[in-house]
Amino acid sequence: MVDSLGVAVVGFGWMGRVHTQAYARVPHHYPQLAVRPELVTVAEEVPGRAEEAAAQFGFASTTRDWREVAADPRVRAVSITAPNFLHREIGVAMAEAGKHIWIEKPVGLTAADARAVADAVAEAGVRSAVGFNYRNAPAVEAARDLIASGEIGAVTHVRIRLFSDYAAHPDGALTWRYEKERGGSGVLGDLASHGADLARHLLGDITSLTADTAVFIPSRARPTGATAGHTLAGGGEPGPVENEDYVNCLLRFASGARGVLEACRVSVGEQNNYGFEVHGTKGAVFWDFRRMNELGVSRGTTYQDQPVSTVYVGPGAGEFGAFQPGAANAMGYDDLKVIEAYRFLRSIAEGEPHGATLQDAVLSAAVLDAMVRSAQRGTWVDVATGV
């Protein structure tokens with residue numbers, strides 16, 4: 001018997017839309033799932049946006065106040081896709097109201113924010129999921145299995161890159177993303193948080209690091225109206241960019257491996273160039289998000305001049321089989337969020353975690369906090385102690 005689960009979405013910008021579409025698609029890809037999401041309500045403070053969402057996707061009700069969602073007995077699970085500065089307040093309130101939480105990274109502005117939400121979830125005994133969607137790519141899961149199997153030997157070093165051009169236009173609007181009070185960090189929270197999670201997911205705990213950051217577009221125009229996503233400003237008053245456009249970071253892992261993590265939001269020409277290169281004593285594995293369903297794999301016993309083969313992942317890798325019947329059939333970004341929704345709902349149905357949880361968000365946020373301290377001090381920082 002399938003249990004109907006009332007869900008709500010708080011914040012209906014682009015990511016709120018992605019979550020909503022994922023809920024709608026889950027039953028098609030996972031008909032065996034014991035719970036079926038029902039779109040109960042959507043909360044959005046921008047006038048008219050919630051009503052548009054309800055008309056398009058079929059939410060039963062709308063509100064401009066997220067607190068009404070916390071008080072709504074019909075809602076059992078909540079997607080929190082509001083701006084970063086609201087993550088802690090909303091996340092804690094929803095957990096205390098007994099709602100399961102699917103929340104976007106970085107879960108607040110600091111590790112303390114992420115920890116507060118995680119503690120509230122643990123105290124309430126509800127389930128959680130966090131939007132580290134890149135770890136859900138079947139090729140990434142295949143790479144993780146390959147690394148764990150020892151096929152490339154002991155990992156020696158990794159390079160993780162997250163280069164995007166979403167903020168490259170100098171006329172990009174000065175939204176909350178560029179303010180420390182509401183956005184916290186810049187590219188650290190937006191992109192490097194994914195990099196920290198991928199690094200941990202693939203290679204284990206990060207023990208220490210040293211980082212450098214920079215702002216390359218120091219001033220932007222304030223928006224004159226409501227914004228969603230990464231819009232251009234319409235000639236508003238200029239204001240300062242308060243957080244970083246770029247970060248590079250050297251990593252040390254508990255395993256002894258070394259790493260480089262580099263992220264930038266103003267990389268002209270990159271168009272979401274995300275990926276990693278993991279090298280071991282016997283081989284290597286490479287992944288590029290823009291070729292999401294492929295891996296470059298080098299393995300064998302020749303060491304020198306050892307070739308790299310292209311591997312197209314198929315139904316045996318991660319959740320690929322829920323979407324496509326055979327290798328080399330393409331999957332896309334939105335599919336990763338469907339997988340995330342499925343794992344969230346499965347966690348609720350089975351009472352045990354599946355996929356990234358708030359504990360993963362806390363650990364990622366601790367890495368980001370260490371990057372901030374390192375960039376300020378110009379020194380290596382221990383991730384666990386912040387010293």
Side-chain angles (χ1 to χ4, degrees), residues 132-164 191-207 209 248-263 270-324 326-333 335-336 339-340 355-356 360 363-364 367:
F132 291 130
N133 39 264
Y134 300 109
R135 64 154 61 189
N136 297 325
V140 172
E141 299 203 54
R144 186 173 188 250
D145 291 343
L146 185 73
I147 293 165
S149 73
E151 285 198 59
I152 65 168
V155 172
T156 54
H157 58 100
V158 60
R159 185 167 75 96
I160 298 174
R161 68 187 185 281
L162 296 112
F163 298 146
S164 183
L191 295 180
S193 57
H194 283 298
D197 181 68
L198 280 173
R200 287 189 53 258
H201 189 60
L202 294 169
L203 304 184
D205 289 338
I206 299 166
T207 56
L209 57 82
N248 66 58
C249 185
L250 300 179
L251 307 170
R252 291 174 178 165
F253 292 84
S255 67
R258 297 298 194 262
V260 177
L261 191 161
E262 191 176 15
E270 290 292 0
Q271 301 172 343
N272 298 333
N273 179 358
Y274 307 153
F276 55 75
E277 304 153 18
V278 181
H279 293 266
T281 53
K282 296 194 298 183
V285 60
F286 310 89
W287 180 70
D288 186 331
F289 169 64
R290 298 169 300 179
R291 304 172 71 92
M292 192 176 84
N293 305 289
E294 301 177 20
L295 284 178
V297 180
S298 178
R299 52 189 165 188
T301 58
T302 59
Y303 300 98
Q304 291 178 305
D305 301 322
Q306 184 165 284
V308 176
S309 301
T310 297
V311 176
Y312 299 99
V313 297
E319 295 294 330
F320 189 97
F323 296 84
Q324 299 293 349
N329 285 289
M331 289 176 61
Y333 173 87
D335 295 330
L336 304 184
I339 295 170
E340 207 165 274
D360 292 301
L363 294 170
S364 173
V367 173

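Please read these numbers as outputs of a predicted model, since none were measured by experiment.
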Pair Asn273-Arg290, side-chain donor/acceptor within less than 3.5 Å = yes
Going by distance alone, is a donor N or O of one side chain under 3.5 Å from an acceptor N or O of the other, for Ser298 and Gln306?
-> yes
Do Met292 and Trp287 come close enough that some side-chain heavy atom pair is under 4.5 Å?
-> yes
Of all heavy-atom pairs between Asn272 and Phe289, which one has the smallest distance, and what is that distance?
-> O-CD2, 3.9 Å
Validation row: Asp288, Arg161 side chains within 4.5 angstrom (heavy atoms) = yes
Does atom CZ of Arg291 have more than 12 heavy-atom neighbours from other groups under 6.0 Å away?
-> no
Locate the shortest heavy-atom distance separating Phe132 from Asp197; write the atom from each residue and the value.
-> CB-OD2, 3.3 Å
Any chance you could measure Arg144, atom CZ, to His201, atom NE2, to the nearest 0.5 Å?
-> 4.0 Å
pair His279-Val155: side-chain heavy atoms closer than 4.5 Å = no
Minimum heavy-atom distance Ser364-Ser193, with the two atoms named = OG-O, 3.2 Å
About how many Å separate CZ of Phe276 and CZ of Phe286, when rounded to the nearest 0.5 Å?
-> 10.5 Å
May I have the step-by-step check of side chain to side chain contact (heavy atoms under 4.5 Å, CB included) for Val140 and Tyr134, ending in yes or no?
-> CA-CA 8 Å; Val140 172; Tyr134 300 109; 5.6 Å; no
So, Asn136 versus Glu340: side-chain donor-acceptor pair below 3.5 Å or not?
-> yes
Spacing of His157 atom NE2 and Arg258 atom CZ [to the nearest 0.5 Å] = 11.5 Å
Exercise: identify the closest heavy-atom pair between Ala327 and Pro315 | N-CD, 4.0 Å
Determine the sole option in Ile160, Asn248, Leu191 for which the side-chain contact (heavy atoms from CB on, under 4.5 Å) test with Glu262 is passed.
-> Asn248
Could you tell me whether the side chain of Thr156 and the main chain of Thr281 form a donor-acceptor pair under 3.5 Å?
-> no
Report the distance from atom CG of Leu295 to atom OG of Ser309, rounding to the nearest 0.5 Å.
-> 11.5 Å
Inter-residue atom distance Lys282.NZ - Arg299.CZ, 0.5 Å rounding = 11.0 Å
Over all atoms of both residues, closest heavy-atom pair of Asn293 and Phe320 = OD1-CE1, 4.1 Å
To the nearest 0.5 Å, tell me how far Arg135 CZ sits from Leu202 CG.
-> 9.0 Å
Set of salt bridge (charged side-chain N to carboxylate O under 4.0 Å, His left out) partners for Asp335, sequence neighbours left out | Arg25
Mind listing the closest non-hydrogen atom pair of Cys249 and Leu209 along with its distance?
-> SG-CB, 3.7 Å
